[in-house]
Amino acid sequence: KVNRFMKNEINIYLQVYDLRKQGMTYQNIIKKISTNKVELDDPDDRNFWSFYARKVRYAKRIINNVENGKFPGEYEDEKNR
């Protein structure tokens with residue numbers, strides 16, 4: 001079952017995914033959608049990039065799950081559970 005928090009989280013994953021598909025860099029994605037002052041002060045920090053890359057990876061898994069009739073299905077990395 002998808003709760004409100006999960007729905008917001010999935011929407012963010014898909015937003016980051018769409019921006020990457022449009023060719024936007026992680027730095028520009030951070031500048032566009034982040035509300036975190038630390039991220040905005042240093043959007044070139046590769047640690048933040050990996051955080052957003054994970055969102056793209058999760059979005060791809062969710063899209064694949066939907067294509068296979070499961071929503072949202074499993075999408076998080078095993079080590080993060």
Side-chain angles (χ1 to χ4, degrees):
K1 185 175 177 179
V2 178
N3 61 35
R4 190 171 74 208
F5 171 78
M6 193 175 194
K7 185 177 177 183
N8 290 337
E9 183 178 336
I10 291 169
N11 284 336
I12 292 168
Y13 296 161
L14 295 175
Q15 182 181 15
V16 173
Y17 174 83
D18 287 342
L19 293 171
R20 283 295 289 171
K21 290 271 296 187
Q22 294 170 20
M24 191 174 282
T25 64
Y26 286 117
Q27 297 98 319
N28 287 332
I29 291 171
I30 291 168
K31 291 174 187 174
K32 182 174 179 76
I33 69 169
S34 180
T35 58
N36 182 317
K37 183 172 177 3
V38 176
E39 288 179 5
L40 292 170
D41 286 344
D42 191 10
D44 295 326
D45 185 327
R46 290 189 179 267
N47 290 318
F48 299 137
W49 296 5
S50 65
F51 176 75
Y52 283 86
R54 191 174 315 116
K55 291 178 186 299
V56 171
R57 189 169 62 247
Y58 291 170
K60 287 179 183 178
R61 289 180 186 165
I62 292 168
I63 291 166
N64 186 52
N65 289 344
V66 169
E67 290 171 346
N68 291 305
K70 299 178 256 175
F71 180 78
E74 298 295 322
Y75 60 90
E76 292 182 330
D77 295 330
E78 288 294 325
K79 66 181 180 180
N80 291 334
R81 291 187 191 172

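Keep in mind it's a predicted model, so treat the numbers as computed, not measured. Excluded from the calculations below are hydrogen atoms, water molecules and symmetry mates; all remaining heavy atoms, backbone and side chain alike, are included.
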- Item | side-chain contact (heavy atoms from CB on, under 4.5 Å) involving Asn47 - partner list, sequence neighbours excluded | Asp45
- Item | Non-hydrogen side-chain atoms of Ile30 and Trp49 separated by less than 4.5 Å | yes
- Would you say the side chain of Gln15 lies within less than 4.5 Å of the side chain of Asn11, judging by non-hydrogen atoms? no
- Separation between NZ (Lys32) and OG1 (Thr25), nearest 0.5 Å, reads 12.0 Å
- Query: Do you know which of Asp41, Leu40, Thr35 makes side chain to side chain contact (heavy atoms under 4.5 Å, CB included) with Lys37?
  - Reply: Asp41
- Item | Student check: side-chain heavy atoms of Arg57 and Tyr13 closer than 4.5 Å | no
- Query: If every non-hydrogen atom of Pro43 is compared with every non-hydrogen atom of Gln27, which pair is closest and at what distance?
  - Reply: O-CG, 3.4 Å
- Query: Lys21: what forms a salt bridge (charged side-chain N to carboxylate O under 4.0 Å, His left out) with it, not counting sequence neighbours?
  - Reply: none
- Message: Tell me every residue that passes side-chain contact (heavy atoms from CB on, under 4.5 Å) with Ile63, counting only those two or more places apart in sequence or in another chain.
- Response: Leu14, Tyr17, Glu67
- Query: Can you tell if the side chain of Leu19 reaches within under 4.5 Å of the side chain of Gln22, non-hydrogen atoms only?
  - Reply: yes
- Hey, is the main chain of Lys70 close enough, under 3.5 Å, to the side chain of Asn68 for a donor-acceptor pair? no
- Message: Rounded to the nearest 0.5 Å, what separates atom OH in Tyr52 from atom CD1 in Ile33?
- Response: 5.0 Å
- Message: Counting C-beta onward and ignoring hydrogens, is there a side-chain heavy-atom pair between Val56 and Tyr26 closer than 4.5 Å?
- Response: yes
- Evaluate the side-chain proximity of Glu9 to Tyr58: yes if any heavy-atom separation is below 4.5 Å, no if none is. no
